[in-house]
Participant: 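Shown below is the structure under consideration.
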Amino acid sequence: MGMCGKFNEKRPLFQNSLMCCQNLNKTSPVRRFLCKTLTKTNFFLILGLVIRHLTSPAREKIDWCGLCLFTNYKDRHNNIRKIFKVEQKHMASLSESPTYNLKVVVNETGIKPDTLRAWERRYGLPSPNRTGGGHRLYSEKDIAIIKWLMARQDEGLSISRAVKLWQSLEAEGESPLFVPEYQEMTLPVVDTAVFSTTQVDDIRSAWINACLRFDEASAERILTQAFALYQPETVLTRLLQRALSEIGDMWFQDKVTVQQEHFASALAMRRLNTLLAASPAPTRSGRVLIGCPPHEDHTFAPLTLTIMLRYRGWDLVYLGANVPLGRFVSTVESVKPNLIILTAQQLYTAAKLFEVAKNVAAEKNVMLAFGGRIFNTVPRLRQRIPGYFLGESMEEATQTVDRLLSFGMAPPTIKRVPDFYLKALEIFRDQQSFIEGHAWSLLRADGMSYEHYTNANLHLSRDIYAALTFGDIEFLSAEIAWAEKLLLNYSMPVEVMRQYLLAYHTAAQEHLHGPAELVVDWLSEVAKNPVLAETA
């Protein structure tokens, strides 16, 4: 590796680079700069900057091990400065416009308000403007100054010495924020190339637009900036949750593709997982077990609630999607939670939640709370679940959990499932395979593809099962429009859906009798329902 005598190919690249920096002349400013700043985090950032700003011939001559040893340059120190100046050119005009209040600065930097006030009073750094009412307003440059001073403290300087260093650099004609030896490689709180507003609704629109363009870099920058401006709870509920809901509505209206919806969801979930990993340790007594019932794969709501409750000090055990009923009892015995929370977005998974509530929470004498889209769109479902409804929003859910764990609540009133429906469910489950086989024989003769049949069958059969489980066939009507739209997104034409419903109705008439005839009556109405044509 040329000039790097201590290169060892078995040693990680980071360690090799640090060794080479240490072999430089001890008085070299390059050595001082690189050995001080070369961490596993910023090493790869610096390496990327070097590669990006060198021409192809120069790239080939880079001593990869040493990073700073450019064999086609004599003055290494000046070239490192050039690289940083190119990368940070846009930072040279940090805004000095007074924009941000004290809360934003505290969130962005992590400094304590009392500490910041003391710095301003004793040293005059930073020097914020004030409103007519006397409230401090900080600029991007003020925030950068605070971060610079905090970085010097992390290196071992007292605040008074850090201020003197700042003043001495300025006396030498240097701008301390852009001296490479003290460069922290951080961007200002707001990237005006993405958006220039601090209104959460506008930020949400910017994030949605970035997601719809599949612009991952912009979407991530917008989220980072949003978390700098607002509390995590605000970003989670007013930005991410509402954004995904808006994108879901646009998908339902055929304004966006399922690929765009999945892309946005994936970015949101990645940020949520990062927040979960960084959440603080519990400070309050009371353990919560949270997850999704069998077959429920939508985890944004329970994960968001987990993060919000952890920031409130509660001890959360997050299980994620599709928690099987089989081992759930043993999990409850092991975790010993004070509260179980389950969320469901669909009628079918709400029925599975119902089974968990009956078979686990009641037997183990543990409180159970529930929520999700389906309980908001069909409020009558709440009366069927033996547990506490969390509320229609995340804010309500956190308040409900606080009350349950801190003070308890009166047991909810539960509506019993009529025996008539229990008998209808038993008949339907016994005859379901015969109905589906009969319907397929009719549809195959008419030339329907098996893929279309299985997609339609999956949704209809399980929703019938769910409605009978809850004891109200009309619960099906709330889900039928959503199921129809879902099938349209599977490229199943309207006429093919109508053909399927007629065949399923014919088969149900043949195999369902007694109490289960209520399913036949419902299918008779749906098969001739003109909503299918309107939905398309």
Participant: Would you check if the side chain of Ser218 reaches a backbone N or O of Asp215 as a donor-acceptor pair within less than 3.5 Å?
Facilitator: no

Participant: Checking side-chain contact (heavy atoms from CB on, under 4.5 Å) against Ile341, which of Leu309, Thr306, Leu289, Leu404 comes through?
Facilitator: Leu309

Participant: Would you kindly check if the NZ (Lys) or CZ (Arg) of Lys358 is within the cone defined by 45 degrees around the ring axis of Phe354 and under 6.0 Å from the six-membered ring centre?
Facilitator: yes

Participant: Are Arg238 and Glu233 packed together at the side-chain level, in the sense that at least one heavy-atom pair is separated by less than 4.5 angstrom?
Facilitator: no

Participant: Could you check whether any side-chain N or O of Asn322 sits under 3.5 Å from a backbone N or O of His295, counting only pairs where one atom can act as donor and the other as acceptor?
Facilitator: yes

Participant: For salt bridge (Lys or Arg N to Asp or Glu O under 4.0 Å), just list the numbers for Asp315 and Arg284, CA-CA rounded to whole Å, side-chain angles, deciding distance to a tenth of an Å, and then say yes or no.
Facilitator: CA-CA 7 Å; Asp315 182 8; Arg284 305 164 77 172; over 6 Å; no

Participant: To the closest 0.5 Å, what do you measure between CD1 (Ile247) and NE2 (His262)?
Facilitator: 11.5 Å

Participant: Please report the shortest heavy-atom distance between Thr109 and Met150, naming the atom on each side.
Facilitator: O-CE, 3.4 Å

Participant: Return yes if some donor-acceptor pair links the side-chain N/O of Ser245 with the main-chain N/O of Arg242 below 3.5 Å, else return no.
Facilitator: no

Participant: Using atom types as modelled and distance alone, determine if a side-chain donor or acceptor of Gln345 lies under 3.5 Å from a backbone N or O of Arg373.
Facilitator: yes

Participant: For Ala281, does its backbone N or O pair with a side-chain atom of Arg310 as donor and acceptor, under 3.5 Å?
Facilitator: no

Participant: Donor-acceptor pair, distance only, cut-off 3.5 Å: does the side chain of Ser406 make one with the backbone of Arg403?
Facilitator: no

Participant: Please confirm whether the backbone N or O of Glu220 pairs with a side-chain atom of Thr224, one donor and one acceptor, at under 3.5 Å?
Facilitator: yes

Participant: Does the Lys NZ or Arg CZ of Arg382 fall within the cation-pi geometry relative to Phe389 - under 6.0 Å from the ring centre and within 45° of the axis?
Facilitator: yes

Participant: So, Asn209 side chain and Ser205 main chain: donor-acceptor pair closer than 3.5 Å or not?
Facilitator: yes

Participant: Do you see a donor-acceptor pair shorter than 3.5 Å between the side chains of His298 and Glu296?
Facilitator: yes

